[in-house]
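Down below is the structure, laid out as structure tokens.
Source: prediction; values computed, not measured.
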Amino acid sequence: MTYATHVLRHSKKIRSSSNLLRHDSVRWFSNGTRPSVEKGDDILRCQSGFNRCNSGSAVSNNSFRAVSPTMSFVATYNGNALRTAIAPSASTASMVFMRGSQVPSRRCFSTASDFPPHQEIGMPSLSPTMTEGNIARWLKKEGDKVSPGEVLCEVETDKATVEMECMEEGYLAKILRGDGASSIKVGEVIAITVEEEDDIAKFKDYQPSTSDATPSPKASPPPPPPKEEVAEKPVTPSEPKVSKPSARPADRIFASPLARKIAEDQNIPLSNIKGTGPEGRIVKADIEDYLASRGKEAPAAAPKAEASLDYTDIPVSQIRKVTASRLLLSKQTIPHYYLTVDTCVDKLMELRGQLNSLQEASGGKKLSVNDLVIKAAALALRKVPQCNSSWTNDYIRQYHNININVAVQTDNGLYVPVIRDADKKGLSTIAEEVKNIAQKAKENSLKPQDYEGGTFTVSNLGGPFGIKQFCAIINPPQSAILAVGSAERRVIPGSDQDQYKFASMMSVTLSCDHRVIDGAIGAQWLKAFKGYIESPESMLL
């Protein structure tokens, strides 16, 4: 009732005042400093001085605030901020609460008075797993005019190098992180743009403003002092309590600092020395006596510490960081098991030779063994779809698209670009796509659509490197990866009991996630894969 009385008391003064226009008509107060009268209090019952506005609705779960002498009122209506103030010529009976309007989003302007309006460009998040990135190179220079859609720079993400486009028209005033800048956190300012060309020179010595970070500590000083005071109170009584039990533990060895230093340098355990100092404390003389009793054994250990290694620290690229973290996660969280089978590739090599002859005649690209392996793996996934799945905590997701990732080794690290719908594409199409994405990977110019969305991976170390057999690590969230070894001539049993023949055999190993693929399912997939490799003409049907 106090605030309602206060409001009515000053209503006449407000109507007659001519200087109120010079005062702020609307004020906003923090919840901790402004008085409030909750719904149902006397102020809402005071109908004599106020007419009801918006009679069809009610103020729910909100507070009504009155501040004198400016008579600014703040309330909320249906969850929205409502503000008004009494104008000098308006009567108290005609006050109306207006719905607060939303403030449109604005560009980041500097609070410093010596800089004109500008826009700070931060490191964007160009992939779902990106937390930081590197600047490969800038395609625009300071002072250049930029337009929407133009490429500003190339950013090395955790998976590939991606072009970053400009979103607004203006001029590139300042580049804060130049070519080759690394470990830039997402959101960190990398450049400044301005609208007017004349403002470029004003940002020559510009440094990122810390004003955005400064207010937060300034706004939070009130809470820390009480916290510190509260923390100081329990410390005082606890100090004597802590000192009493730690006075002399039975298993503690007391020694002077100099004695400890000498014992540490000479690799002497203090438990082997009996102290002669006060209360059994080990002193320097005790260490010297112990060394004398050992003779010349202690100095012999000194040269070992002097040995050093010559090394070079190689910076880690973003792709290698991500590869390391994902493979570590895979080995730690996925229960791997491995299935290996030998396949005869004589018919496959013969078919490849025939198809390459046709490709040369038509001007197409030659087929590799890996192209045929990708096609066979895709068809085997169509036949055994359980292997084209991934694990989640609540269910197993089985994919209807068969997208094969192909491991490609480059100077920058390991990339796994994807061949989409490999089961539906012809061998010549697969061969052309593999060569194109492999070239992009070596040039570090892959786009996100070139490597995202794979459901199965093929890694071939046989053809390029001659590796006979190996076990690959599953590429999460996939549930299987095929490791392909080299083909070699072997002696195998012939059709008769005492006959033998030569054949080209290739070893392949399937790494499976046991949560998704049981051993029998993995064996079925390898059987289907082997059938396509040893009867390659069936892939053409």
Side-chain angles (χ1 to χ4, degrees), residues 105-110 115-210 212-213 314-323 325 408 410-417 436-437 439-452:
S105 59
R106 301 172 62 186
R107 294 186 299 168
C108 180
F109 293 114
S110 172
F115 290 113
H118 60 278
Q119 184 177 13
E120 296 179 344
I121 300 177
M123 171 63 71
S125 178
L126 300 174
S127 72
T129 58
M130 178 178 174
T131 58
E132 60 181 25
N134 303 335
I135 301 294
R137 63 181 179 129
W138 283 91
L139 302 180
K140 294 288 185 180
K141 297 180 294 184
E142 292 183 358
D144 289 352
K145 184 176 181 180
V146 294
S147 301
E150 290 185 345
V151 179
L152 288 177
C153 63
E154 293 180 352
V155 177
E156 182 184 345
T157 69
D158 54 350
K159 294 182 178 179
T161 299
V162 183
E163 295 176 344
M164 187 179 78
E165 296 181 353
C166 180
M167 302 301 295
E168 295 186 15
E169 186 174 358
Y171 295 88
L172 185 59
K174 182 71 174 178
I175 295 177
L176 300 175
R177 303 302 294 268
D179 295 350
S182 60
S183 301
I184 305 174
K185 300 294 183 183
V186 171
E188 183 177 343
V189 180
I190 60 175
I192 300 296
T193 60
V194 294
E195 295 181 355
E196 303 296 335
E197 188 175 6
D198 297 337
D199 297 335
I200 296 176
K202 300 177 183 179
F203 290 86
K204 181 179 180 181
D205 300 325
Y206 177 86
Q207 294 296 330
S209 175
T210 57
D212 296 338
I314 301 174
V316 180
S317 62
Q318 286 295 114
I319 182 64
R320 189 164 294 278
K321 285 182 181 179
V322 174
T323 301
S325 63
V408 178
T410 68
D411 295 336
N412 299 319
L414 182 65
Y415 291 89
V416 280
N436 290 337
I437 61 176
Q439 185 63 30
K440 283 185 177 181
K442 292 176 181 179
E443 295 173 353
N444 200 20
S445 61
L446 288 173
K447 307 295 182 184
Q449 60 268 22
D450 294 331
Y451 52 77
E452 291 180 348

(request) Using the side-chain contact (heavy atoms from CB on, under 4.5 Å) rule, take Glu132 and Gln318 through it: C-alpha gap first, then chi angles, then the decisive distance, then the call. (result) CA-CA 8 Å; Glu132 60 181 25; Gln318 286 295 114; 3.4 Å; yes
(message) Testing the basics here: between Val194 and Ile200, what is the closest heavy-atom pair and its distance to 0.1 Å?
(response) CG2-CG1, 4.1 Å
(request) Please name the pair of heavy atoms, one in Asn412 and one in Tyr415, separated by the smallest distance, quoted to 0.1 Å. (result) CB-OH, 3.9 Å
(request) For the pair Asn134 (side chain) and Val155 (backbone), establish whether a donor and an acceptor sit closer than 3.5 Å, ignoring hydrogens and angles. (result) no
(request) Determine whether Glu156 and Ser317 make a side-chain contact, defined as any pair of heavy atoms from C-beta on separated by less than 4.5 Å. (result) yes
(request) Decide, yes or no, whether a salt bridge links Asp144 with Lys141 under the criterion of side-chain N to carboxylate O below 4.0 Å. (result) no
(request) Output yes when a side-chain donor or acceptor of Lys447 lies under 3.5 Å from a complementary backbone atom of Val162, and no otherwise. (result) no
(request) Kindly compute the distance separating CD1 (Ile135) from CG (Asp179), expressed to the nearest 0.5 Å. (result) 8.5 Å
(message) What I'd like to find out is whether the side chain of Ile437 reaches to under 4.5 Å of the side chain of Val408, using heavy atoms alone.
(response) no
(message) Less than 4.5 Å apart, side chain to side chain, heavy atoms only: is that true for Glu195 and Glu169?
(response) no
(message) Around atom CD of Glu165, are there more than 12 heavy atoms from other residues, nucleotides or ligands closer than 6.0 Å?
(response) yes
(request) State, to 0.1 Å, how close Asp198 and Lys202 come at their nearest heavy-atom pair, and which atoms those are. (result) O-CE, 4.4 Å
(request) Please tell me if the side chains of Leu176 and Ile190 come closer than 4.5 Å, counting only heavy atoms from C-beta onward. (result) no
(message) With a 4.5 Å cut-off on side-chain heavy atoms, are Lys185 and Thr131 touching?
(response) no
(request) Inspect the surroundings of NZ in Lys442 and state if more than 12 heavy atoms from other residues, nucleotides or ligands are less than 6.0 Å away. (result) no
(request) For Lys174 and Phe203, work out which heavy atoms get closest and say how close. (result) CD-O, 3.3 Å
(message) Restricting to side chain to side chain contact (heavy atoms under 4.5 Å, CB included), what partner residues turn up for Leu152, sequence neighbours left out?
(response) Ile121, Trp138, Lys140, Val146, Met164, Cys166
(message) If I take atom CE from residue Met123 and atom CD from residue Glu188, how far apart are they, to the nearest 0.5 angstrom?
(response) 8.0 Å
(request) Could you pull out the closest heavy-atom pair between Val186 and Met130, with the gap in Å? (result) CG2-O, 3.8 Å
(message) Is there a side-chain contact between Glu197 and Lys145 in this structure, where contact means two heavy atoms from C-beta onward sitting under 4.5 Å apart?
(response) no
(request) Report yes if some heavy atom in the side chain of His118 is under 4.5 Å from a heavy atom in the side chain of Asp199; otherwise report no. (result) no
(request) Could you tell me whether Arg177 atom CZ has more than 12 heavy atoms of other residues or ligands within 6.0 Å of it? (result) yes
(message) What I want to check is whether the side chains of Asn444 and Thr161 have a donor and an acceptor closer together than 3.5 Å.
(response) yes
